There are 2 protein chains.
Amino acid sequence: MITYLTLFKKEGVRLIKGNQRLLKKMNRTQVLDLIRREGPLSKAQLAERMKLTFAGVSKIVNDLESSGILFLRGEGRSSGGRKPALYALNATAFYVVAVDLSVDEIHVALMDLSTVTVDETCLAAPGDRTPRSYVEAVRLGVQTLLERSGIPRKKILGVGVSSPGPVNSVTGEVLYPPNLPLWNVVPLKERLEQELRMPVKVEKDANLHALGEKWFGAGRGADNLVYVLVGEGIGGGIVIEGSLYRGTPFGAGEIGHGTVDLHGPRCNCGNYGCLEVMASGLAVIRRIREKIRAGHASPHYPAPEKIQLSNVLKAFQCGDDLTIRELEETSRVIAAGLIGVVNSLRPDMLILGGKLSRGFPLMTDIVKGVIRERVVPALSEQLQIVKGELRDKSGLVGAAALVMEEIFTLQLK
Amino acid sequence: MITYLTLFKKEGVRLIKGNQRLLKKMNRTQVLDLIRREGPLSKAQLAERMKLTFAGVSKIVNDLESSGILFLRGEGRSSGGRKPALYALNATAFYVVAVDLSVDEIHVALMDLSTVTVDETCLAAPGDRTPRSYVEAVRLGVQTLLERSGIPRKKILGVGVSSPGPVNSVTGEVLYPPNLPLWNVVPLKERLEQELRMPVKVEKDANLHALGEKWFGAGRGADNLVYVLVGEGIGGGIVIEGSLYRGTPFGAGEIGHGTVDLHGPRCNCGNYGCLEVMASGLAVIRRIREKIRAGHASPHYPAPEKIQLSNVLKAFQCGDDLTIRELEETSRVIAAGLIGVVNSLRPDMLILGGKLSRGFPLMTDIVKGVIRERVVPALSEQLQIVKGELRDKSGLVGAAALVMEEIFTLQLK
DNA sequence: TCAACTTATTAAAGGCTGTTTATAAACTCC
DNA sequence: GGAGTTTATAAACAGCCTTTAATAAGTTGA
């Protein structure tokens, strides 16, 4: 019954042509996106927002309704005339598969168009750490979800994959991820498409965290936003004018590798005094180790060489002084590093995410404070600085959003 | 005879509607932009590039030709069939007025669509430094050029203004420019439109340098570029996906105000250890003053408190050791500061401009060297680092480009 | 040189957008 | 309960680009 996919897919290459089909796709995606973001809307509201005539919108909405992706949901309030019919998104018209690859776990989820999870599974990363095994694990995970849910393949828009390391999102290749030494250049998209026989899109994890927050999290209202991922390292994702900014040809968003200390130590990236080397989770661990080795006793820590991020966060929860001081100082350094990003990009929102920022909630306030203090007030007032809302789900949600772009955004090129 | 303007202007608000008019405008601007950027093209080439049918393009080109903005210029080479007719941009179909406001000079130029200057004039900034006097000076300058050239107002697309200080480019207001203390909030666009009775667009100088290089200078081939303006201060302009990125609501591009030294001195912007406070022209002057006061004799300098940027650049040209060392060190700091920009934005081009970078040509090589060394090679190889081509013209050319967006780019919203 | 092939061009017919216009239905307000 | 307002539908319309067919103007190679 749902013919939306065929309606669009059929066009193939031709769709790109600067012709009426483009116009059609533009207006249809815009209707769907408006309704997705703002909930049920009437035809009149859509016409107003889209600067189309009522009749034009009526045709579009009727088409989308009969294709099953929109449905009539109640009536709106009258403002002196006939009550408008409200149309809502049928979130179960299609589903997406979201995959979050990390070094030690593989999360796979089957979600509907409002990111409600139908079913999910989490597999331990394969012991041999080879690309081949990861691909096989993903295949298995996806297959399991498809079978358990009974959702037909036709209703699956595609598979979105969040992967660590630099990702060439055009080719879908993962390139030398630092924490997966056996992965050199892995054509992940190609391999997975072979295995799964579905369209696959691969993107860098931090970019998908950003995209997830933009579409379904804290960043919903922001056009230009920077997502800061503070965990063992410091990564980031940049959304500009509403869509993910990837750079030329890719690799943008590495906001953790700007110089904040001209005389700082060398970072793995080749630079000296990077934000990451000065203020990431690993930097915190390094400094706590040094302090402990230097005789600063703390009951919350194991032997210095065994300290992990989880120990640090636990120590913080137990109120360990040393840890609190280190985390506070680190947050101030992060804030100082972000000032460059803010002054360069002037986003309307800065979203803080990642294990460290979640484990140390004060970070947001400290960053907020430093930025308010050190950025021209007229402009810093416009900037919202918030925590990520999606927590450990942001990778999956972002991967889902990546696939949904197919339906909700106009993709030229 | 040239009806292009009426053809488009007539549409008014309606143009925005997501309808065929939009399509028409899209395709026409794309034809004009392709021909502007790539020189004379045949209908077949355009059809290929634009993914339109030959017949479709033919109609468009014929329209544009009869409106006078394109003209037939010779024939192309045959590749086994009839020779194609080539169409070129009629650069004198329209003109633009470009204004470059700086603290002590006002440049006004009348240019055609290929930025050939028909006539120009340079006025000293008014002694009283009031907005009112600047506006009057601009009015006078524009009037003079219009009268001298005899070009009718109908052929002028509009006036582009490059202004120092933060500029709200939507409202066309200049906000508290640091070097013009009498200017608080100046509605420059509004005032000039009243005086000149022409459409006026105002933008921050660094942004227009970037735009100028993108359209007519070193950045022609780049989609994502960062322009770095190194003069007394360090400013910048960012072009993303081919168009100027302004941030929310404006003010982006201030790449001189990222922290590069956590313990550095306070900058006027409120931050500490900014790139600007560490490595701008004024920072160089400050350090040379200190050295001289500390007894480091140099025959090339006047009394320390009288040293200006021009003295520094002259001393460099005379081969003054102290100066060379300072400029080299400064360039390395600038490079270190730009690494953050490169890693965040991953542009395909970095353009260095401004008085200091022009006066000390080695800067480009030093920056190139440091960045090659400290940015992941796979990605830094893709990055071009070049000098600006437009030199002291880039403000004017950028202002011209700003106005030409009207014709050559699709402007939604 | 000339047929065969290729490429460029024009013109008319056609398809598909959204728009305009006319009409009706449903609601509020006094 | 009628005037005025808002929502909705349907048919005729206008304007884009596409399709198709016919023509024009080159190249190539025997």
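Nothing here was measured: the structure is a model prediction, and the numbers come from that model. We name chains A, B, ... by the order of the sequence lines, and we start the count at 1 in each one. What's counted below: heavy atoms across the whole structure, side chains too, no hydrogens, waters or symmetry copies.
Atom CD of Glu48(A) has 12 or fewer neighbouring heavy atoms from other residues, nucleotides or ligands inside a 6.0 Å radius. Atom CZ of Arg37(B) is surrounded by more than 12 heavy atoms from other residues, nucleotides or ligands within 6.0 Å.
Between Glu38(A) and Arg220(A) there is no salt bridge, since none of the side-chain N atoms of the basic residue sits less than 4.0 Å from a carboxylate O of the acidic one. A salt bridge links Lys189(B) with Glu193(B): the distance from a Lys NZ or Arg NE/NH1/NH2 to an Asp or Glu carboxylate oxygen falls below 4.0 Å. Taking the charged nitrogens against the carboxylate oxygens, Arg246(A) and Glu203(A) do have a contact shorter than 4.0 Å, which makes a salt bridge.
Atom CD in Glu48(B) sits roughly 10 Å away from atom P in dA8(C) (whole-Å rounding). Put simply, CG on Asp63(B) is 11 Å from C1' on dC16(D), counting in whole angstrom units. One interatomic measurement links the two molecules: NZ of Lys24(B) to P of dC17(D), which rounds to 8 Å at whole-angstrom precision. Protein atom CG of Leu22(A) is 12 Å distant from nucleotide atom C1' of dC16(D), rounded to whole Å. Here dT18(D) presents its P atom at 13 Å from NZ of Lys51(B), a figure rounded to the nearest Å. Rounded to an integer number of Å, the gap from Phe54(B) CZ to dA21(D) P is 18 Å. Atom CG in Leu86(A) sits roughly 17 Å away from atom P in dT6(D) (whole-Å rounding). Rounded to an integer number of Å, the gap from CZ of Arg77(B) to C1' of dA25(D) is 16 Å.
At a threshold of 4.0 angstrom between heavy atoms, the contacts of Lys59(A) with the nucleic acid are absent. Within 4.0 Å (heavy atoms only), Ala55(B) reaches at least one base atom of the nucleic acid.
The residue among Ser42(B) and Gly56(A) whose nearest nucleotide of DNA chain C lies closer to the 5′ end is Ser42(B). Between Lys83(B) and Ala85(A), the residue anchored closer to the 5' end of DNA chain D is Ala85(A), taking for each the nucleotide with the nearest heavy atom.
In this structure the side chain of Asp33(B) never reaches within 4.5 angstrom of the side chain of Ile35(B), judged on heavy atoms.
Here Asp63(B) contributes atom CG and Asn27(B) contributes atom CG; the two are 11.5 Å apart, rounded to the nearest 0.5 Å.
Taking only side-chain atoms of Pro84(B), from C-beta outward, the nucleotide of dC17(D), dA8(C), dT28(C) with the closest atom is dA8(C). Closest approach to the Glu75(A) side chain among dC17(D), dG26(D), dC27(C) is made by dC27(C) (side chain taken as heavy atoms from C-beta onward). In this structure, the nucleotide among dC17(D), dG18(C), dT9(D) sitting nearest to the side chain of Asn62(A) is dT9(D).
For the OP1/OP2 pair of dT9(D) and a distance below 4.0 Å, the side-chain nitrogens and oxygens of Ser58(A) include at least one atom meeting the criterion. Of the side-chain N and O atoms in Asn27(B), none sit less than 4.0 angstrom from OP1 or OP2 of dC16(D). Contact annotation: Thr53(A) side-chain N/O to dT19(C) OP1/OP2 distance is under 4.0 Å.
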Between the protein and nucleotides 1-6 of chain C, list the N/O to N/O atom pairs that are separated by less than 3.5 angstrom.
unit_1 : atom_1 : unit_2   : atom_2 : d
dT6(C) : O2     : Gly80(B) : O      : 2.9

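For Asp348(B) (side chain) and Asp223(B) (main-chain N/O), a donor-acceptor pair under 3.5 Å exists by modelled atom type.
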